[in-house]
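Chain A is the first sequence line, chain B the second, and so forth, proteins listed ahead of strands; every chain is numbered from 1. Computed from heavy atoms alone, side chains included, the values below leave out hydrogens, waters and symmetry copies.
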Protein chains: 2
Amino acid sequence: MVATSLDTVEKKNPKEEIMKAALRLFTEKGYFNTSIADIRQLADVSTGTIYHYFKNKEAIAEALFEEVVHSLEDSIREIRKLNNAFERLRAIVELFFELTENEPEIMRFIVVVRHQEFLGNRPSLSLSPPFQKLTQIMEEGIRAGELRRMDPIVASGVFYGTVARMIQLRLEGVLEKRLDWYLLDTWTAIWRALSP
Amino acid sequence: MVATSLDTVEKKNPKEEIMKAALRLFTEKGYFNTSIADIRQLADVSTGTIYHYFKNKEAIAEALFEEVVHSLEDSIREIRKLNNAFERLRAIVELFFELTENEPEIMRFIVVVRHQEFLGNRPSLSLSPPFQKLTQIMEEGIRAGELRRMDPIVASGVFYGTVARMIQLRLEGVLEKRLDWYLLDTWTAIWRALSP
DNA sequence: CGCACTAGATCGAGCATTCAATCGAAATCT
DNA sequence: AGATTTCGATTGAATGCTCGATCTAGTGCG
């Protein structure tokens, strides 16, 4: 981080500030319970500035969605370089669990926010590239005999469903311990469900 | 169904009509995208009637929530009478899958609607009685040696997460076939994850 | 006649969005 | 260098509209 002036008067990028504030508010209170005024206040910019960078409120959510999907896509692409289904899937669980602890707001946005309600016709996150890749990993694993013969959709359902549910419970404060505490049990269960 | 008059002029119970319309609209378009005017129109009653039966919009959602939770609670209570974990869990999957096909709106309300956003402080559905019962079933099953030794929270996470994900995929139109087509694969995977 | 229910017009708060004015930093000129 | 122009960035009060909620005047049934 380069401090171009005194820390207290640090010059920030308004667009980023707006998106950061919006992510925080959307995930905490929901899209419809968040007003432009709320974002304005938390991002410490004026109403006009928001509309200078974004066409409207929806466009802020769209930008967040894009960002999150792309960063997920990158991570999953990296993981696909690993050379068997066991390692790949295990790496995804670890990535998601770690992300939940380090960037809970991003994870909340992925796992619990209902995008359909405000992002009109956009294809659901369930159909977005990262999740298509997940089903591909299953197909390849099954073909290679590393995974049990079963419908790949069911395989990815078991996998993502389980992971997402653990994350949701953590984000809702149901789990007292950090997610990595549950990693072994979770992974063992998933692997028993999927392995031949 | 008892027809008290000619079918075309059938006298309906307004409260039920309102709740039916609200359930349909809330699950289709979301709570905030549904106006009282929408409900008024679909239920074919006047604004006055809505406010006669419900304190406000939120109260309609609350009533729906109560109804759904109670009916779920009853079903799960019945299922707990079965005498081992295998049968109990299997019955729950079947119940949920069947409910998804027959009453998709109710299932959407349970699985995909984010109640927190409009039902202020109410404890999340994840913590409501039916889901506590699910964890109890896991605990009992583990104690009895019918399920593998593992954290009961993780067990219920695998179970509910998988089932909910399959339901979500079905409701979003990702699965071409009816859910019962996937039942065997889904159940096999779950049982491999949980059995000793 | 009385009472539970219905109708629909009306209110007003809250909200997203607009816009004319102003700033300020760099570019251009003298 | 200093003055002047330029133009995107920024401001925030004003606008207009949607929508939940209220109110008053019925209506019809027992």
Side-chain angles (χ1 to χ4, degrees), chain A residues 2-6 8-26 28-65 113 115 117-120 122, chain B residues 2-6 8-65 113 115-120 122:
Chain A
V2 181
T4 50
S5 55
L6 291 178
T8 47
V9 212
E10 198 152 4
K11 183 75 179 190
K12 304 284 193 76
N13 174 352
K15 192 169 181 181
E16 266 176 33
E17 289 301 305
I18 293 166
M19 287 180 69
K20 242 171 56 186
L23 175 62
R24 167 108 166 267
L25 292 165
F26 288 168
E28 244 169 40
K29 318 197 304 169
Y31 178 80
F32 291 103
N33 291 318
T34 299
S35 71
I36 294 290
D38 293 336
I39 299 174
R40 198 199 68 72
Q41 192 180 11
L42 187 60
D44 193 32
V45 297
S46 74
T47 320
T49 302
I50 294 182
Y51 283 90
H52 177 75
Y53 289 103
F54 300 94
K55 184 169 148 282
N56 51 32
K57 186 179 168 184
E58 197 178 314
I60 306 176
E62 250 164 51
L64 284 172
F65 190 87
V113 172
H115 314 95
E117 284 193 15
F118 45 93
L119 299 181
R122 185 177 297 283
Chain B
V2 182
T4 50
S5 55
L6 291 177
T8 47
V9 212
E10 197 154 4
K11 182 74 178 193
K12 304 284 191 74
N13 173 353
K15 192 168 181 181
E16 265 176 33
E17 289 302 306
I18 294 166
M19 287 180 68
K20 241 170 57 185
L23 175 61
R24 166 107 166 268
L25 292 165
F26 288 169
T27 53
E28 244 169 41
K29 321 197 303 169
Y31 177 81
F32 292 102
N33 291 318
T34 300
S35 70
I36 295 290
D38 294 336
I39 299 174
R40 197 198 68 73
Q41 192 180 8
L42 187 62
D44 193 33
V45 298
S46 75
T47 319
T49 304
I50 293 183
Y51 282 92
H52 176 74
Y53 289 103
F54 298 95
K55 184 169 147 283
N56 51 32
K57 187 179 168 184
E58 197 178 314
I60 305 177
E62 249 164 53
L64 284 172
F65 190 86
V113 172
H115 315 94
Q116 322 296 307
E117 285 193 14
F118 45 93
L119 299 181
R122 184 178 297 283

**Q** Rounded to the nearest Å, what distance is computed from the CD atom of residue B:Gln41 to the P atom of nucleotide C:dA7?
**A**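 In whole Å, C:dA7 P lies 14 Å from B:Gln41 CD.
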**Q** Please classify the nucleic acid contact of B:Tyr53 as base, sugar-phosphate, or nothing, using heavy-atom distances under 4.0 Å.
**A**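 Sugar-phosphate contact only.
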**Q** When rounded to the nearest 0.5 angstrom, what is the spacing between CG in B:Asn33 and CD in A:Glu117?
**A**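 It is 6.5 Å, given to the nearest 0.5 Å.
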**Q** Please name all residues satisfying side chain to side chain contact (heavy atoms under 4.5 Å, CB included) with A:Ala21, sequence neighbours left out, ordered by chain then number.
**A**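 Counting only residues at least two positions away or on another chain, A:Ala21 forms a side chain to side chain contact (heavy atoms under 4.5 Å, CB included) with A:Ile39, A:Leu42, A:Ala43.
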**Q** Give every pair of a protein N or O atom and an N or O atom of nucleotides 12-14 of chain D that lie under 3.5 Å apart, one pair per line with the distance.
**A**
unit_1, atom_1, unit_2, atom_2, d
D:dG12, N7, A:Gly48, N, 3.4
D:dG12, O6, A:Gly48, N, 3.4

**Q** With heavy-atom distances below 4.5 Å as the criterion, would you say the side chains of A:Phe26 and A:Val113 are in contact?
**A**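 Not touching, per the 4.5 Å side-chain cut-off.
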**Q** How would you list, by chain and number, every residue that makes a ring pair (Phe, Tyr, Trp, His ring centres under 6.0 Å) with A:Phe54, sequence neighbours excluded?
**A**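 Per chain and number, A:Phe54 pairs via ring pair (Phe, Tyr, Trp, His ring centres under 6.0 Å) with no residue.
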**Q** Contact list please: residues 57-64 of chain A against DNA chain C, heavy atoms, distance less than 4.0 Å, in numerical order.
**A**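 Here the set is A:Lys57.
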**Q** For DNA chain D, what residues of residues 15-28 of chain B have any heavy atom nearer than 4.0 Å?
**A**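 Going residue by residue through residues 15-28 of chain B, none turns out to have a heavy atom under 4.0 Å of DNA chain D.
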**Q** Among residues at least two apart in sequence or on other chains, which ones pass salt bridge (Lys or Arg N to Asp or Glu O under 4.0 Å) with A:Lys57?
**A**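 Per chain and number, A:Lys57 pairs via salt bridge (Lys or Arg N to Asp or Glu O under 4.0 Å) with no residue.
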**Q** Check ring pair (Phe, Tyr, Trp, His ring centres under 6.0 Å) between A:Tyr51 and all other residues, then give those that pass, not counting sequence neighbours.
**A**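 For A:Tyr51, no residue satisfies ring pair (Phe, Tyr, Trp, His ring centres under 6.0 Å) once neighbours in sequence are set aside.
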**Q** Within this structure, what is the OH-to-C1' distance between B:Tyr51 and D:dT22, rounded to whole angstrom?
**A**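 It works out to 9 Å between those atoms.
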**Q** Working to the nearest 0.5 angstrom, can you tell me the gap between B:Glu62 CD and B:Leu119 CG?
**A**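 Going from the CD atom of B:Glu62 to the CG atom of B:Leu119 covers 6.0 Å.
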**Q** In chain order, what residues pass the ring pair (Phe, Tyr, Trp, His ring centres under 6.0 Å) check against A:Phe118, with sequence neighbours excluded?
**A**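 Per chain and number, A:Phe118 pairs via ring pair (Phe, Tyr, Trp, His ring centres under 6.0 Å) with A:Tyr31.
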**Q** Name all residues meeting the salt bridge (Lys or Arg N to Asp or Glu O under 4.0 Å) criterion together with A:Lys15; count only those two or more places apart in sequence or in a different chain, and write none if there are none.
**A**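 A:Lys15 satisfies salt bridge (Lys or Arg N to Asp or Glu O under 4.0 Å) with no other residue.
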**Q** Mind listing the residues from residues 30-39 of chain B sitting with a heavy atom below 4.0 Å of DNA chain D? Number order is fine.
**A**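 Hits under 4.0 Å, by residue number: B:Thr34, B:Ser35, B:Ile36.
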**Q** Taking all non-hydrogen atoms of both residues into account, name the closest pair between A:Thr47 and A:Arg40 and its distance.
**A**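 Closest pair (atom of A:Thr47, atom of A:Arg40, distance): OG1-CD, 3.4 Å.
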**Q** Applying side chain to side chain donor-acceptor pair (under 3.5 Å), can you list everything that pairs with A:Thr49, at least two apart in sequence or on another chain?
**A**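 A:Ser46.
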**Q** To the nearest Å, how far apart are B:Phe54 CZ and C:dT6 P?
**A**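 To the nearest whole Å, that distance equals 12 Å.
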**Q** Using a cut-off of less than 4.0 Å, is there contact between a side-chain N or O of A:His52 and OP1 or OP2 of D:dA9?
**A**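 Yes, because at least one side-chain N or O of A:His52 sits under 4.0 Å from OP1 or OP2 of D:dA9.
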**Q** To the nearest Å, how far apart are A:Lys55 NZ and C:dT18 C1'?
**A**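 Interatomic distance, NZ of A:Lys55 to C1' of C:dT18: 14 Å.
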**Q** Could you note down all residue pairs passing side-chain hydrogen bond (donor to acceptor under 3.5 Å, both in side chains) where residues 21-30 of chain B supplies at least one of them, sequence neighbours left out?
**A**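 Residue pairs with at least one partner in residues 21-30 of chain B: B:Arg24-B:Glu28, B:Lys29-B:Asp38.
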**Q** Starting at CD1 of B:Ile60, measure out to CD1 of B:Ile36 and round the result to the nearest 0.5 Å.
**A**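 That separation rounds to 4.5 Å.
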**Q** How long is the line joining CG of A:Asp44 and C1' of D:dT10, in whole Å?
**A**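 Atom CG in A:Asp44 sits about 12 Å away from atom C1' in D:dT10.
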